[in-house]
Each structure stands twice: as C-alpha cells, then as structure tokens.
Amino acid sequence: MLLNYRFGRRRFQTIRQVPAAAMLIWLAVILMVSLIGCGVSARETKGDSKDSLSLQSKGLKDYYSGYFPIGVAVNSRNIQGPEEGLILKEFNSVTPENDMKMGPIHPRQDQYNFSASDKIVAFARAHHLKVRGHNLCWHEQAPSWIFKDAQGGQVSKDSLFARLQSHIQTVVGRYQKDIYAWDVVNEAVSDNPSEFLRNSPWLKICGPSFIDSAFLYAHRADPKAELYYNDYNAVIPEKAKRVYKLLKGLKDRGVPITGIGIQAHWSIYQPTEAELRNALDLYKSLGLKIQITELDVSVFPWEKNHRALLPKDNVVYKGRLEDQQTAFYKMVFKVFRDYKGVITSVTFWNVSDKDSWLNQYPVRGRKNYPLLFDSMLSRKPAYQAVTDF
Ligand code: GLA
C-alpha cells in the first residue's frame with residue numbers, strides 16, 4: 001500500500017519511509033517536552049518548589065492545626081460521593097447535618113433509626129475525624145409523637161421529661177465512644193426581642209427547666225462529653241444579651257454546660273467585626289468554651305421566613321458580591337484566630353455551594369454562594385483569604 005504523507009516540503013511515499021519520518025517527529029516532540037519540563041522544574045527549584053508542593057497537599061485543617069479543628073456538616077450521601085476526597089483533605093471534624101436530629105433518628109416512640117448516623121460515625125472513626133453530635137432537644141425536626149399522648153392529646157409534663165431523658169440516654173449512650181461534643185439544646189431563645197425563651201412545645205409543656213434537664217440527662221449519659229447550647233443570631237447585640245442571660249442562669253445553677261455553639265449563619269452584611277468581638281468577649285466572660293457550629297456566609301441579607309422566588313434573587317456573584325464575601329471571610333477568620341483557646345472548633349454548614357441548604361432556604365431555588373468551595377468543588381478566593389495568614 002502506498003501512503004502519502006506531507007511533512008513540510010518533503011513527501012514520504014513508501015510504507016518503509018513512514019517509521020523514519022514518524023521517529024523524527026517523535027524525537028522533536030520529546031525534546032520540546034523535556035525542555036519545557038526543565039524550565040518548570042528549574043523555576044520551582046529556584047524559589048518555592050517545597051512550598052508549592054506542601055501548599056497543594058495542605059487543607060484547611062492543616063492551616064488551622066495550631067488553632068482549632070475545622071469541621072463540616074455532612075449527610076450520609078456526601079461522605080461516599082465525589083465530596084469524600086474533599087472532606088478528608090480539608091476537614092478534621094464532622095457534624096451530621098440532619099441524621100441525629102430527633103425526628104430522623106427517633107421517628108416513633110418505640111423505633112430508632114440509626115442507619116445514617118451510624119454510617120457517618122463509622123466514616124469518622126475510620127478516618128480519625130472528630131464528631132460533634134447535633135442535636136438532642138429542638139422544637140424543629142422533632143417527631144410528632146413526642147408531644148402527644150396515646151389519645152392524640154397533649155402529652156403530660158412528666159411523660160415529656162421521661163421521653164426526653166430516655167431519648168438522650170439512648171442516643172448519647174450509643175455514640176459515647178465516638179462523639180466528643182453535643183449540641184444539647186438548640187435555639188431555645190425567642191426570635192421576639194420582648195420575649196426571653198421561645199414559646200415552643202418544650203417550653204409550653206415542661207416549663208423552662210427542660211433546658212437544665214436536657215443538659216443533666218446528657219451529662220449522665222456521657223459524663224466526659226462536652227455539652228453546648230447552640231443558637232443563631234447569637235452575636236447580634238440584642239439577642240446576644242438574652243443568650244447570655246440563659247447561659248449565666250445555667251452556670252449559676254451548676255448545670256453541666258461546656259460552652260456556646262454560635263451557629264454563624266451569617267451574611268456579607270452582618271455581623272460587624274465589633275459585634276463579633278463583643279459577643280465573643282461576653283461569652284468568654286462566663287468561662288465558657290465557644291464553638292462556631294454552622295458557619296456559612298450568605299450573599300443575601302438575613303431573612304427568617306420562607307417566601308417565593310423573586311426576580312431580584314437572581315444575582316451576579318462574580319465581582320462585587322464575591323469580593324465582599326472574601327473580605328468578610330478574611331475578617332471573621334482573623335477574629336477566630338485572635339480567640340484561639342476560647343474558640344475550640346469551627347464548622348462549616350455543608351461542603352460546597354452546590355449543596356448548601358441556603359439554595360432552598362428561605363427561598364426555594366434561590367442560588368446562594370455561602371461556602372469556601374464552589375459548585376464544582378473548587379476553592380474560591382475566600383479560601384485563599386482564610387488560609388493566607
Ligand atoms: C439550624 C439547625 C441546623 C440546620 C440548619 C439548617 O441552624 O441547627 O441543624 O437545620 O438550621 O440546615
């Protein structure tokens with residue numbers, strides 16, 4: 001067979017001539033590639049080859065190893081999907097996002113569902129990650145049976161205390177070896193500034209002492225566990241005063257509480273640095289540990305209530321919003337580092353912008369960009385801002 005190859009101005013006309021021509025081309029290619037390679041490695045060895053290598057292998061947890069663990073909220077799907085590698089590279093602590101809440105883990109009085117939470121705990125154990133348990137007593141995502149008696153009426157106060165105790169004993173007891181810290185009571189302080197505690201079924205049926213009791217039950221179930229009160233807007237000056245009042249009362253009554261979980265569902269508009277520092281000082285003055293438990297930084301102003309999607313919700317992130325968010329993240333991590341020793345953990349709420357709960361809350365379908373990793377799981381400029389110190 002006669003083959004016609006044109007290479008420059010030469011023409012190779014027989015099959016026997018082809019290998020010689022191909023070899024020439026290959027030699028040229030190999031020479032070019034190795035020259036380029038030498039250039040790159042020469043540049044690296046000159047300056048920062050060691051640095052760039054270690055930079056590539058460093059994750060958030062490594063940058064912050066002298067400060068506090070860096071955690072992430074997970075579900076049982078993202079610990080085995082494409083996010084698994086990212087989780088293991090960047091974080092050394094996990095919080096089950098939903099799987100340990102009372103509704104999912106204890107759907108009926110006589111039925112517990114440990115399958116998802118067991119998976120997360122086994123994953124953490126296998127990879128030596130710390131686990132924060134979340135949460136033991138909350139008015140949301142509570143199973144409907146918990147507040148009802150056998151006839152469907154309201155459960156009695158005594159029964160509700162007994163149910164809470166049995167729930168806490170069972171769940172905390174099960175994970176005693178693996179979970180070092182629990183969010184014991186979640187969001188008990190009211191959203192209404194003129195009210196102290198939230199008028200939840202827990203408060204209505206049990207009275208305010210359900211908070212003390214939940215901590216006592218958790219302490220009995222695992223005397224070594226760290227126990228936290230966890231809430232949002234806990235650095236906004238007005239609410240911080242009421243959260244402080246609650247915590248001071250618990251301390252004064254000798255309730256076994258380790259610290260406050262500041263959820264930190266923040267936005268690029270709040271809190272200010274001064275508000276953050278003042279709140280940290282306030283809680284620190286009680287001798288409590290502080291954990292940042294649910295960090296994300298929305299690019300929209302804070303809203304609590306669900307509403308429909310509006311045209312204004314479709315924003316351009318690249319540019320002003322991204323810059324503002326980067327500066328905000330830089331500021332808050334600088335403050336966190338300044339409170340090293342008092343802040344004992346910082347946990348992000350979800351892995352990446354792809355699956356943040358803020359894509360559905362409070363506006364279903366509103367795309368938000370609250371985390372350090374974008375929807376492709378790549379590091380964002382905010383990542384550089386929090387690791388460049
Ligand atoms: C609160 C709860 C979390 C979670 C978030 C939304 O902050 O503490 O468990 O439900 O809301 O994901």
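Position 1 is the first residue of the sequence; numbering continues from there. From a predicted model like this one, the values you see are computed outputs, not experimental measurements. Both counts, for ligands and for their atoms, begin at 1 and track the order of listing. All values below come from the heavy atoms of this structure, side chains included, with hydrogens, waters and symmetry mates left out.
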Which protein heavy atom lies closest to atom 11 (O) of ligand 1, and at what distance to 0.1 Å?
Glu294 OE1, 4.0 Å

For atom 9 (O) of ligand 1, what is the closest protein heavy atom, and at what distance to 0.1 Å?
His134 NE2, 2.4 Å

Quick check for you: to the nearest 0.5 Å, what is the distance between Met100 atom CE and Arg174 atom CZ?
9.5 Å

Angle class for the Tyr63/Tyr383 ring planes (parallel below 30°, perpendicular above 60°, tilted otherwise)?
perpendicular

Would you kindly check if the NZ (Lys) or CZ (Arg) of Lys61 is within the cone defined by 45 degrees around the ring axis of Phe91 and under 6.0 Å from the six-membered ring centre?
no

Grouping I, L, V, M, F, W and Y whenever their side-chain heavy atoms are under 4.5 Å apart, do Ile236 and Ile260 come out in a common cluster?
no

Which atoms of ligand 1 are found less than 4.0 Å from any heavy atom of His265?
7 (O)

If you scan protein heavy atoms around atom 10 (O) of ligand 1, the nearest is Lys101 NZ, 2.8 Å

Sub-4.0 Å atoms of ligand 1 with respect to non-hydrogen atoms of Glu187
1 (C), 2 (C), 7 (O), 8 (O)

Enumerate the atoms of ligand 1 whose separation from the nearest heavy atom of Gln141 is less than 4.0 angstrom.
10 (O)

Member of Val315, Val299, Val297, Asp313 meeting the side-chain contact (heavy atoms from CB on, under 4.5 Å) criterion with Asn368
Val299

Above 12 or not: heavy atoms from other molecules or residues under 6.0 Å from CG of Asn314?
no

How are the rings of Phe328 and Trp266 set relative to one another: parallel (under 30°), tilted (30 to 60°) or perpendicular (over 60°)?
perpendicular

Which of the numbered atoms in ligand 1 are under 4.0 angstrom from any heavy atom belonging to Asn186?
2 (C), 8 (O)

Tell me the protein heavy atom at minimum distance from atom 6 (C) of ligand 1, and give that distance in Å.
Trp357 CE3, 3.2 Å

Considering only heavy atoms, does Trp349 approach ligand 1 within less than 4.0 Å through its side chain, its backbone, both, or neither?
side chain

Regarding Glu226 and Lys289, does a basic nitrogen lie under 4.0 Å from an acidic carboxylate oxygen?
yes

If you measure from each non-hydrogen atom of Trp138 to ligand 1, which part falls under 4.0 Å: side chain, backbone, both or neither?
side chain

At under 4.0 Å between heavy atoms, what of Glu140 touches ligand 1? The answer is neither

